[in-house]
Amino acid sequence: MKVLALYSLKGGVGKTTAAVNLAYLAAQSGARTLLWDLDPQGASSYYLRVADKVKGGRKILHQTDLLEAAIRGTDWPLLDLLPADLSYRNLEIELNAERKRNDPLAESIRHLRHDYDYLVLDCPPGISRLSESIFACADLVLVPTIPTVLAMRTLKRVIDFRKKHGLTKSRLRAFFSMADQRKRMHKELMARIDQMQPLMFDVRVPQLSEVELMGEYRAPLHTYRPGGRAAVAFDALWDKIVALFYPQGGEE
Amino acid sequence: MGSDQAVSTDCDDGGSMRRNHLFFDPSATVADIAAVGTLLGKRFLPLQEAAEGVWELFDTPDWALWQAGMDLQRSTVVADSQCQLRDCRVGLLLGTLPTNLPDFVWQLPPSPLRQRLTPVWGVRAMLAQVQFGEGGRQWALRNDAGKLLATAHYRYFYLLDGKMLGGWLQIEPCRGYHRSVEPVLQRLGKHKRWQSQQGVLSAQLLAAAGVTPAPPQMVSFRLQRRMSAAGAVQAMMAHQITIMRQQQVGMVDAIDSEFLHRYRIAVRRIRSLLKLAQPLMPPELYDPATAFFRMLGGLTTPARDSDVCLLNFVTGRGWIPAAALPHLTLLRARLESERNQAYQALRQVLLTSDYLRGLQRLERWDVSDDCTALGTQHAVLFITNAVQKQYRRLVRKGKRIHTQSPDNDLHALRKEGKRLRYTLDCFAGLFPASEVQGALRQLKQLQERLGDFQDLCVQEERLRAQQASLDISEQEVGALLLQVADGMTEQRQQLREEFSSSFHRFLKPKKGHTLAKLCAGKRGGKE
Ligand SMILES: Nc1ncnc2c1ncn2[C@@H]1O[C@H](COP(=O)(O)OP(=O)(O)OP(=O)(O)O)[C@@H](O)[C@H]1O
Ligand SMILES: [Mg+2]
């Protein structure tokens, strides 16, 4: 199982949007996929029409039977969801209580590893004990980044944080999210993408109202606007991720 | 593999795994079907209007997927539908194939699905093994938020000749929503014409259509101890010809390397049977038959070599340096075009009347009035003698192999072993089963060692030939080929050096002297 975490220090940058659409594309590619909504806001769960309530709350991190029972099938084949729960807001306490070695999040992920080919984590914003756990157990941490100077600085801080805590086992990649070609700063920053290799995937998810419509349709972008500019950008992003996970021919 | 675990953990939680089928017998009327529609209409929203289509189950010619616990289905009811890979025991969806028509697995992009399929599928082709006509409708049960809780497929199936196979009402709750679907199921279960039943659609369907997913059956055939020597040999040759005929269709269409492989085994068996039968046959029959089957052996060799290279191409990637991977596509294309040419040459011969006559001549050999005096001898006596002679020859040649022996000596030894093996295989019925089996096992180990050596020779020769035929612009590929070929030379030398000790183990296996005992026995007088 490959673990992909959508993460950023900043809120509202498109983590949830990317998590839902990438998980959908993973399932469409024929892989068994689980999307874990770790954000107590429950946006991913909302998009997939699943109630953001989990029986047992954060106890699921310690009891595998609760964990399995919490999983919900979505409307799309091969795509399952572990919904959010309000109790996740105290996940920090949960994780802090344990020593690093038996991280309950890592344990839960290990328990699911044979049931799914991909696990997509939709993380809440911020840097915390949870982020440390995520950096430790994800195969790829993907950071949606709005092309602004401020956002680039925040990205830099994430990189430094990872280094400082020695959490460099997972790979870190970023991509431009909510990009607006009409804005001068966006344009200039994106033009310098060559200097940001290999950190930055060469993918720009445009700022478009069709993306916002996800909240209205409560469905992945591809189901109501396939072939649209945003959908195409997510296709490209997914291809890049697969290429990273499975370098040509190296999978045997 | 992952799929196994997924199945066992999912099974107990009653989640996505629990499938619910309501069955009705083929005599159910349209009114019954309509009644269910109405019943469902109360709780279910139509997801798809009535649809007709053809439903196909794909597998390799020898049902490799099914044997590995999977089935691959495609329905034409849903336009542009993907192939669905399911666990054939419980019906769990394991994955969907992005390709519309199943093709060689290596054409799939790298993905977990490909990883799961590669060991099963190899480079073998997929056939639509069974086709069913299908009709049906689909409903969706949703909650207030519009979330899908379950789908209900009402499907009926018929064979394409019109025979009705039965109808299924399959309620498939989404994982985690089983409880909310329970009341609906209970209500439906009370309907008198319906029976709730847990089962897997494809297994039920195959049974209804009378298809058994199993590797192609070998034609069963029994030797009688009373037969004359010529009678037994002739019957065995005719049997091998039947096997050849069974493989021909698959070879003409180049469906799967397995067909050619089996065909060649049959040809080789006939050749060794002919050799055995020489003293029993009139020369006017023996000479042309020997020439004919030698020709067939040679004719099929290039095609088989190409198949072997392609098969190893997929499984043997480990030894190819990562930097060279991009060149593989080019190599693969070359190998494939070689294979196509080889099969084309083969096809041209298989479809001629000369070919048919060649087979028939041997098939119609009438032993009762056209065999030598020796041919009227008892089969058991004759075969025992032959086996003893072959074993002695094998031992003599094997003892002579040393660390510097030329390749040809090892090939010759392999052929001796093969002859003995074929004789034992073919005429196993004439000996006590326990003894033959032990002897065959012992021989097989030796043959595998020699077979590895042979495979290395074939592949190495092929690689060197390809290297020699490359343009100057393809030097990089050439260097890679040489590198791989050199590795093979080394492996071969190692096998050669280890040979005498392994041959010693072969002669004196720990558990009894099975082969030696079998060949030394005075079985001839026992009858
Ligand atoms: N490419 C886009 N174009 C237009 N709107 C977008 C785009 N991506 C995201 N949005 C909108 O921006 C808002 C925030 O996006 P999203 O929820 O994906 O971000 P987030 O990083 O998960 O936020 P949070 O930190 O609150 O979890 C949503 O209303 C979403 O519809
Ligand atoms: Mg979010």
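All chains are named by letter (A, B, ...) in the order of the sequence lines, taking the proteins before the strands, and each is independently numbered beginning at 1.
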With a 4.5 angstrom heavy-atom cut-off, is it the side chain or the backbone of [X] that approaches chain B, or both, or neither?
X      : value
A:A27  : backbone
A:Y116 : side chain
A:L48  : backbone
A:R113 : neither

Problem set entry | Gap between atom CG of B:L149 and atom CZ of A:R72 - 0.5 Å precision |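 Reported value, rounded in 0.5 Å steps: 10.5 Å.
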Problem set entry | Distance (rounded to the nearest 0.5 Å) between A:L81 CG and B:K147 NZ |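 The CG atom of A:L81 sits 9.0 Å away from the NZ atom of B:K147.
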For this session: Please report the closest heavy-atom contact between A:D75 and B:R142, naming both atoms and the distance.
Result: OD2-NH1, 2.9 Å
Problem set entry | Non-hydrogen atoms of A:T74 and B:C174 that approach each other most closely | O-SG, 3.6 Å
For this session: Could you tell me which residues satisfy ring pair (Phe, Tyr, Trp, His ring centres under 6.0 Å) with A:Y7, sequence neighbours excluded, listed by chain and number?
Result: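 So A:Y7 forms a ring pair (Phe, Tyr, Trp, His ring centres under 6.0 Å) with A:F135.
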For this session: For A:R89, look at atom CZ and say whether over 12 heavy atoms of other residues, nucleotides or ligands are found less than 6.0 Å away.
Result: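 Count over threshold, so yes.
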Exercise. Counting heavy atoms not belonging to A:E216, are there more than 12 under 6.0 Å from its CD?
Worked result: no
